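All values derive from a computational prediction rather than experimental measurement. Residue numbers start at 1 and run along the sequence shown.
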Amino acid sequence: MNSISVLHIDLFQGNNPSDFYFNTMKNHLIVGHQHIEKPHRHNFYATVLFTQGSGVHEIDFQRYEVSEGSLFFLSPGQIHSWELSEDIDGYIFFCSQEFYEMHYVNQKLRNFPFFGSVSFPRKLQLDAVELEKNIHLFQELEREHQSNSLMKNGLILSLMSQVFINSTRLFSKDFDTLTSSAGLSYFKHYQDFESLIEQHFTEHKSIAYYASLLGISSKHLNRTVQAVVQKTATEVITERVVLEAKRMLMYLDENLVEIAFRLGYEEYSYFVRVFRKNSGMTPTQFMRKYKA
């Protein structure tokens, strides 16, 4: 069975492995070419800022346009690939969960919405002013990464946090649920819901099951989900199942019936109906499109 390639952070580290990696995009594409030329996923968190060039960045089968000022955030496990112009440039950094959270007891990477929710957009398009601010932060990160200064990791973590916090504030302009204490509480409940989906989506697909685990009513769970992502709880569960189906269809050497069964569907015809309703095509049509 051909599994999806999972890249570890030490593949990019050379002779000095650590839980943090920084590079310019030009150098990163040279250093990591043998690892990143095909769709893959990471076991670390990644942040990418493009300062020139163009192209397409596909993350979990959603296509994003790349241009000057495109800022991307990727969580562990997400599948991504890109097609970039020859003049592409920018900055990229990776970190492990341990690197960040060992130093911030009360701050988790998943608390940032672009790392904490599968449903949240992965691209932030910066205007000229915000791009200049971020370029400054990334350049500071680059200098600190290359230095041997006292409390080096502390400053790196501080600069990373500035990038993450500033980006959360920019995202919040488009997501009202992030701008109030009530909204933040809803988002926390939504994150807990998504965490439970990750654990149980192949076996359980009913709202009642997840509401029971969360200790709330199905009605309240639906209200929470609607407030955060403007979808029903059932839609979020189904989208997660279909996303996994797409990953498996693309990268696992199994027949469609086996994949449907592994995802908890005993009737293949029902799995096809769910997949087609969510994605607008059958599993077979999806494979033809992407494998072509």
Side-chain angles (χ1 to χ4, degrees), residues 2-14 20-96 109 112-115 117-127 130-131 134-135 137-139 141-142 160 163-164 167 170-171 239 242-244 246-252 279 286-292:
N2 298 318
S3 61
I4 304 166
S5 176
V6 180
L7 304 189
H8 297 258
I9 198 167
D10 56 1
L11 285 173
F12 303 92
Q13 300 287 6
F20 179 79
Y21 166 89
F22 187 97
N23 214 335
T24 63
M25 276 304 300
K26 281 186 176 179
N27 288 336
H28 175 70
L29 292 172
I30 294 170
V31 171
H33 178 71
Q34 62 179 313
H35 304 301
I36 63 179
E37 59 183 352
K38 296 180 180 179
H40 58 276
R41 54 186 174 186
H42 309 139
N43 73 336
F44 48 81
Y45 290 85
T47 304
V48 188
L49 174 65
F50 291 98
T51 57
Q52 71 174 47
S54 61
V56 174
H57 190 184
E58 186 164 298
I59 305 172
D60 276 340
F61 308 101
Q62 180 167 348
R63 292 169 66 86
Y64 297 94
E65 294 296 321
V66 172
S67 62
E68 178 184 7
S70 296
L71 180 59
F72 290 92
F73 302 92
L74 287 90
S75 300
Q78 289 193 296
I79 296 173
H80 85 116
S81 61
W82 47 35
E83 297 175 13
L84 304 172
S85 60
E86 292 185 2
D87 64 336
I88 204 74
D89 206 358
Y91 304 96
I92 184 168
F93 66 80
F94 308 152
C95 74
S96 68
L109 283 166
F112 298 108
F114 39 80
F115 288 143
S117 169
V118 174
S119 302
F120 206 85
R122 296 293 158 162
K123 174 189 172 183
L124 183 62
Q125 187 62 42
L126 304 173
D127 62 23
E130 293 298 334
L131 175 58
N134 274 275
I135 287 175
L137 289 171
F138 277 77
Q139 289 175 340
L141 267 169
E142 182 177 27
M160 288 170 57
V163 172
F164 298 155
S167 298
L170 291 173
F171 270 124
E239 285 178 359
V242 172
L243 172 59
E244 195 66 21
K246 289 177 177 178
R247 291 173 173 176
M248 294 170 75
L249 289 167
M250 281 295 295
Y251 304 111
L252 299 186
S279 63
F286 172 82
M287 287 194 297
R288 286 174 182 166
K289 176 183 176 181
Y290 277 89
K291 289 193 174 183

Quick check: closest heavy atoms across [X] and [Y], and the distance to 0.1 Å?
X	Y	value
V48	M25	CG1-SD, 3.7 Å
S167	F114	CB-CE2, 3.9 Å
F94	A46	CD2-CB, 3.7 Å
L109	S96	CD1-O, 4.4 Å
G53	S85	CA-OG, 3.5 Å
M160	L141	CG-CD2, 4.1 Å

Between the side chain of Q78 and the main-chain N/O of I59, is any donor-acceptor distance below 3.5 Å?
no

Looking at S54 and S67, would you say the former's side chain and the latter's main chain have a donor-acceptor pair under 3.5 Å?
no

In a check of side-chain contact (heavy atoms from CB on, under 4.5 Å) between F72 and each of T47, V66, L124, which one passes?
V66

About how many Å separate [atom2] of [Y] and [atom1] of [X], when rounded to the nearest 0.5 Å?
X	Y	atom1	atom2	answer
L137	F93	CG	CZ	9.0 Å
H57	R122	NE2	CZ	11.0 Å
D89	N27	CG	CG	8.5 Å
M250	M287	CE	CE	10.0 Å
F61	S81	CZ	OG	8.5 Å
Y91	K26	OH	NZ	11.0 Å

What I want to check is whether the side chains of T51 and E68 have a donor and an acceptor closer together than 3.5 Å.
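Absent: no donor and acceptor within the cut-off.
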
How about F171 and F120: are their ring centres within less than 6.0 Å of each other?
yes

Taking the ring centre of each residue, are F73 and F112 less than 6.0 Å apart?
no

How about Q125 and E65: do any of their side-chain heavy atoms sit closer than 4.5 Å?
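No, too far: nothing below the 4.5 Å cut-off.
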
Quick one: does W82's side chain get under 4.5 Å of I88's, heavy atoms only?
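SC-SC contact between W82 and I88 ruled out.
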
Would you call the rings of F115 and Y45 parallel, tilted or perpendicular, taking 30° and 60° as the class edges?
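F115 vs Y45 ring planes: perpendicular.
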
Where do E239 and V242 land on the side-chain contact (heavy atoms from CB on, under 4.5 Å) test, with the steps shown first?
CA-CA 5 Å; E239 285 178 359; V242 172; 5.8 Å; no

Salt-bridged, D60 to K246, with N to O below 4.0 Å?
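K246 and D60: not salt-bridged.
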
Would you please test L71 and L131 for side-chain contact (heavy atoms from CB on, under 4.5 Å) and show each step?
CA-CA 9 Å; L71 180 59; L131 175 58; over 6 Å; no

Please check if atom CD in Q52 has more than 12 non-hydrogen atoms from other residues, nucleotides or ligands closer than 6.0 Å.
yes

Run the side-chain contact (heavy atoms from CB on, under 4.5 Å) test on F138 and V163 for me, step by step, so that the C-alpha distance in whole Å, both residues' side-chain angles and the decisive distance to 0.1 Å come before the verdict.
CA-CA 8 Å; F138 277 77; V163 172; 4.1 Å; yes

